[in-house]
Amino acid sequence: MHLKLYRSARSLTKKVYDVKKHGKTIGLVPTMGFLHEGHMSLIRRARKDTDCVIVSIFVNPVQFGPKEGFKKYPRNFKRDFSLCKKENADIVFAPKAEKIYPENYATYVNVEKITDTLCGASRPGHFRGVATVVTKLFNITMPDIAYFGQKDNQQAVVIKKMAEDLNMNVRIKVMPIVREKDGLAMSSRNVYLNLKERMQAQSIYKSLKLAKELFDNGERNSGRIINKMKKVIDKQSEAKIEYIKIVDIKDLKDVKNISSEALVATVVWIGKTRLIDNVVIKTRS
Ligand code: AMP
């Protein structure tokens with residue numbers, strides 16, 4: 001199939017019915033555009049698994065707080081479209097914000113409890129915006145499988161919970177974090193970093209690797225691991241830690257003493273750029 005652009009939800013849904021009528025499966029990759037290898041890994045996986053691959057490109061205004069840079073979020077539609085073409089996606093869905101949230105829009109999806117911690121604690125309303133737009137995307141595209149990245153781990157946990165709680169007929173697949181050569185997690189926001197900041201951003205993954213190493217060497221106390229991680233990041237003049245937490249991988253509650261598995265999640269500001277990353281630490285079985 002030739003890559004096709006849809007701007008309207010209604011015409012895309014019509015197309016989706018047609019695809020399904022022919023017994024074909026649909027894979028959805030929701031993105032905010034400015035695509036990189038992280039996004040590509042999701043698209044490639046969708047291409048492998050499903051017959052019709054839909055990539056949505058939509059910078060979702062309702063998941064940004066008032067000072068969170070919605071307007072300045074990087075955009076390059078032409079480049080994104082040609083990358084989708086290169087990966088043999090079938091459909092790009094890139095609606096206008098006014099079409100997704102027309103005047104008097106009033107309905108939001110709120111996943112409770114697991115959104116109170118980590119990024120949910122520092123970005124009130126963020127996951128309400130994410131859950132709402134993903135619900136709309138699911139309703140519009142009716143995917144068999146939807147693909148999300150482990151980089152935004154809490155987002156993936158929230159979407160899984162939402163899909164389960166609301167009986168959504170979709171499988172959620174979470175794909176591993178794609179990193180730059182020096183370990184920095186790929187992100188559309190990395191373009192904001194100047195050279196000095198880009199160098200200092202390496203400390204984020206370094207600290208996560210240290211957590212893994214400490215755990216592998218027998219350390220089980222979260223507080224001690226976090227303190228050592230903090231030291232790595234605090235050495236950087238441009239870095240400011242928003243949080244470093246060690247939590248249960250399912251309910252995202254703080255874990256004081258790690259047993260066999262936990263998520264080490266962090267958000268660090270490098271200059272004016274908010275960067276997110278995590279690793280799962282696990283005993284070898
Ligand atoms: P975004 O455009 O940042 O909203 O991301 C769209 C999807 O791509 C989300 O499910 C992200 O978790 C995923 N993603 C972003 N960066 C990466 C990465 N470095 N590796 C894997 N997945 C990623």
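We number each residue from 1, following the sequence as shown. Atoms considered below: every heavy atom in the structure, side chains included; atoms not considered: hydrogens, waters and symmetry mates. In listed order, ligands and their atoms are each counted from 1.
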Chemist: Give yes or no for whether the N/O distance cutoff of 3.5 Å, strictly under, is met between Met186 and ligand 1.
Modeler: yes
Chemist: How does Gln150 reach ligand 1, if at all, at less than 4.0 Å between non-hydrogen atoms: by side chain, backbone, both, or neither?
Modeler: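 It is neither; nothing of Gln150 touches ligand 1.
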Chemist: Name the closest protein heavy atom to atom 20 (N) of ligand 1, giving the residue it belongs to and the distance to 0.1 Å.
Modeler: Val178 N, 2.9 Å
Chemist: Could you check whether any side-chain N or O of Gln63 sits under 3.5 Å from a backbone N or O of Val133, counting only pairs where one atom can act as donor and the other as acceptor?
Modeler: no
Chemist: Nearest protein heavy-atom contact for atom 5 (O) of ligand 1: which residue, which atom, what distance?
Modeler: His39 NE2, 3.4 Å
Chemist: Nearest to atom 22 (N) of ligand 1, what protein heavy atom do you find, and at what distance?
Modeler: Gly149 CA, 3.6 Å
Chemist: Ignoring hydrogens and angles, tell me if any N or O in the side chain of Asp144 forms a donor-acceptor pair with the backbone of Val170 under 3.5 Å.
Modeler: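 Between the backbone of Val170 and the side chain of Asp144 there is no qualifying donor-acceptor contact (under 3.5 Å).
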Chemist: Below 4.0 angstrom from a heavy atom of Gln155, which ligand 1 atoms are there? Numbered from 1 as shown, please.
Modeler: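 It comes down to these atoms of ligand 1: 9 (C), 10 (O).
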Chemist: Name the closest protein heavy atom to atom 11 (C) of ligand 1, giving the residue it belongs to and the distance to 0.1 Å.
Modeler: Asp152 OD2, 3.1 Å
Chemist: Sub-3.5 Å donor-acceptor pair from the side chain of Asp254 to the main-chain atoms of Val247, do we have one?
Modeler: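 Side chain of Asp254 to backbone of Val247: no pair is present.
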Chemist: Answer yes or no on whether Arg274 is positioned over the face of Phe64, meaning its NZ or CZ is under 6.0 Å from the six-membered ring centre and within 45° of the axis.
Modeler: no
Chemist: State, without any angle test, whether Thr25 and Asp51 hold a side-chain donor-acceptor pair at a distance under 3.5 Å.
Modeler: yes
Chemist: Would you kindly say whether Tyr205 and Asp182 are connected by a side-chain donor-acceptor distance under 3.5 Å?
Modeler: no
Chemist: Should we say atom NZ of Lys173 is surrounded by more than 12 heavy atoms from elsewhere, each under 6.0 Å from it?
Modeler: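 Correct, the count exceeds 12.
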Chemist: Do Ser56 side-chain atoms and Phe93 backbone N/O form a donor-acceptor pair below 3.5 Å?
Modeler: no
Chemist: In terms of atom number and element, which parts of ligand 1 are under 4.0 angstrom from non-hydrogen atoms of Phe148?
Modeler: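 This gives 10 (O) as the contact atoms.
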Chemist: In the protein, what heavy atom is nearest to atom 6 (C) of ligand 1, and what distance, to one decimal place, separates them?
Modeler: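 The protein heavy atom lying closest is Pro30 O, 3.3 Å.
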Chemist: In the protein, which heavy atom is nearest to atom 4 (O) of ligand 1, and how far is it?
Modeler: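 Answer for atom 4 (O) of ligand 1: Met32 CG, 3.6 Å.
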Chemist: Ignoring hydrogens and angles, tell me if any N or O in the side chain of Arg189 forms a donor-acceptor pair with the backbone of Thr273 under 3.5 Å.
Modeler: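 No; zero donor-acceptor contacts below 3.5 Å.
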Chemist: Report the part of Val29 (side chain from C-beta onward, or backbone N, CA, C, O) that has a heavy atom under 4.0 Å from ligand 1; answer both or neither where that applies.
Modeler: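 The answer is neither; Val29 stays 4.0 Å or more away.
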Chemist: At a 4.0 Å cut-off, with the gap strictly under it, does some heavy atom of Pro176 reach an atom of ligand 1?
Modeler: yes
Chemist: Could you pull out, from Arg189, Met40, Met175, Lys151, the option with a heavy atom nearest to atom 15 (C) of ligand 1?
Modeler: Lys151
Chemist: With a 4.0 Å cut-off on heavy atoms, is His36 touching ligand 1?
Modeler: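 Yes, His36 has a heavy atom closer than 4.0 Å to ligand 1.
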Chemist: What atoms in ligand 1 come closer than 4.0 Å to a heavy atom of Ile177?
Modeler: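 In order of numbering, the contacting atoms are 20 (N), 21 (C).
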Chemist: Which of the atoms of ligand 1 are close to Thr31, meaning less than 4.0 Å from one of its heavy atoms?
Modeler: 2 (O), 6 (C)
Chemist: Counting neighbours of CE on Met142 that are heavy atoms of other residues, nucleotides or ligands and sit closer than 6.0 Å, is the number greater than 12?
Modeler: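 For Met142, atom CE is crowded (more than 12 foreign heavy atoms under 6.0 Å).
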